[in-house]
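Before any comments, here is the structure.
Ligands are counted one by one from 1 in listed order, and the atoms in each one are counted from 1 as well.
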Amino acid sequence: MQNKEIDFEPNESCALAMEAQDSLKHFRDKFHIPKQASGEDVLYFTGNSLGLQPRTTREYIEQELDDWKNLGVEGHFHAENPWMPYHEFLTEKMANVVGAKPLETVVMNSLTVNLHLLMVSFYRPNGKRNKIVIEKNAFPSDQYAVASQIAFHSKISNSKFQIPDSKENRLIELAPRDGETILRIEDIEKVIEENGDEIALVLLGGVNYYTGQAFDMKRITGIGHKAGAVVGFDLAHAAGNLELHLHDWNVDFAAWCSYKYLNSGPGGIAGVFVHERHADAFELPRFAGWWGHDKETRFLMDDKFIPMRGAEGWQLSNPPIFQLAALRASLDIFEEAGMKNLREKSVKLTNYLEFLLNEIHDERIGIITPRDSKDRGCQLSIRVKNSDKTLFKAISEQGVIADWREPDVIRVAPVPLYNSFSDVWKFAEILKDCLAVK
Ligand SMILES: *Cc1c(COP(=O)(O)O)cnc(C)c1O
């Protein structure tokens with residue numbers, strides 16, 4: 001039976017009708033949904049901060065605990081899922097989530113660590129071409145990482161994480177126009193073109209954590225390359241949220257964490273992408289460790305480092321198996337659901353949320369996230385007039401888990417794997433009621 005598109009209506013029966021048509025709705029049952037004191041499920045909208053726990057995660061980790069208990073060191077080769085190649089079991093699944101080839105992907109470390117390791121190789125200031133382009137409002141960790149890399153390369157004291165004077169200022173920050181909150185692609189293009197021969201690296205987020213703006217990564221990569229720069233992305237808020245095609249977009253490198261949309265648990269192990277064309281770029285400087293060494297000869301313990309081809313050559317240490325097991329549980333769910341299907345539901349779910357927010361018609365709230373679904377992921381950032389946090393407190397008391405970002409934003413991220421159209425409906429009702437009381 002062909003499902004007819006249901007027109008959005010601001011009523012519960014519309015939400016329920018869309019839910020009935022949702023071919024992914026059973027995926028919610030694969031997750032533990034936290035409960036309110038009343039025993040009801042909370043309305044969880046913070047999968048952009050920490051994804052929920054898949055019901056299978058415990059089993060995946062327990063398998064490794066059992067194998068360690070029963071086999072000790074032999075688990076490296078004889079565990080049900082041998083630890084020696086364990087990270088390889090995740091490679092293809094992770095590659096599929098970000099539109100990469102397996103050779104281009106590896107799971108390792110955590111996000112900021114990986115940004116540094118990749119900048120060691122891909123931020124190569126050379127004479128006048130020494131600048132990095134970032135968003136002015138990038139996530140602070142990215143700003144610290146970039147500023148400290150610049151300082152590392154430029155004999156500037158690293159202690160203040162400030163670049164002291166304009167001659168030495170190697171940071172180009174992209175800012176929205178006055179009175180605007182999101183970046184325009186034509187402004188990004190202009191800045192990159194105007195500074196073209198001075199830019200060594202363009203490093204942007206795929207989706208801005210604050211505004212929820214998604215960037216046209218394909219186009220930005222093209223613009224950066226035309227200027228002669230290397231282009232990398234921080235996909236913390238994009239991986240598992242948008243459909244990505246890192247290989248086809250020709251992105252040089254990318255890094256992302258897995259505890260947000262990828263549900264690997266707090267501090268989970270992160271992902272890395274290095275484009276195939278750099279797979280054999282052994283001339284690039286890199287910080288090396290034994291896990292990046294050619295695996296055929298790794299255990300000969302030779303003192304000469306021979307990096308593996310592709311992203312795996314950036315590994316340093318043997319990876320944390322429990323973390324890999326947790327991420328694997330979630331990636332198996334992604335494989336089953338398919339990123340394309342998830343994104344399709346996500347667009348509908350977030351559009352419905354936007355529709356209901358507009359229906360509230362209250363000037364005390366506004367949406368700062370771009371209105372076109374191609375320019376955003378699942379998150380909507382709601383700006384609250386006069387930075388009034390009482391509204392956030394009031395919805396929290398009604399069982400909503402969203403997050404407040406200073407100075408005045410409530411971020412709400414309906415996640416297609418475990419959020420439903422009724423969640424969105426209930427949220428909008430609560431918000432409306434709380435606004436009515438005030
Ligand atoms: C969540 C997030 C981080 C967090 O970095 P960790 O190294 O995982 O602690 C960094 N950058 C961005 C853009 C993020 O959204």
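We find that Arg277 and Asp252 are joined by a salt bridge, their nearest charged nitrogen and carboxylate oxygen being less than 4.0 Å apart. Checked for salt-bridge contact, Asp375 and Arg184 miss the test: no charged N lies under 4.0 Å from a carboxylate O. Glu40 and Lys426 are not joined by a salt bridge, as no carboxylate oxygen comes within less than 4.0 angstrom of a charged side-chain nitrogen. Note on Asp388 versus Arg364: no salt bridge recorded, every NZ/NE/NH1/NH2 to OD/OE distance being 4.0 Å or above.
For atom 7 (O) of ligand 1, the closest non-hydrogen atom of the protein is Thr112 OG1, 2.5 Å. Closest to atom 14 (C) of ligand 1, if we only count protein heavy atoms, is Lys260 NZ, 2.8 Å. Asp142 OD1, 2.6 Å is the protein heavy atom nearest to atom 11 (N) of ligand 1. Shortest contact from atom 12 (C) of ligand 1 to any protein heavy atom: Phe139 CG, 3.3 Å.
Here the OG atom belonging to Ser420 is positioned 12.5 Å from the CG atom belonging to Leu24, to the nearest 0.5 angstrom. Taking CD of Glu312 as the start and CE of Met108 as the end, the distance is 10.5 Å to the nearest 0.5 Å.
For the pair Arg328 and Tyr86, the cation sits on the ring face: its NZ or CZ lies under 6.0 Å from the ring centre, inside 45° of the axis.
The shortest N or O to N or O distance between His237 and ligand 1 is under 3.5 Å. Polar contact with ligand 1: absent for Ser141 (N/O pair, distance under 3.5 Å).
Proximity to Asp234 (heavy-atom distance under 4.0 Å) selects the following atoms of ligand 1: 11 (N), 12 (C), 13 (C). Ligand-side atoms of ligand 1 in range of Tyr259: 1 (C), 4 (C), 5 (O), 6 (P), 8 (O), 9 (O), range being under 4.0 angstrom from any heavy atom.
At a heavy-atom cutoff of 4.0 Å, ligand 1 is contacted by both the backbone and the side chain of Leu111.
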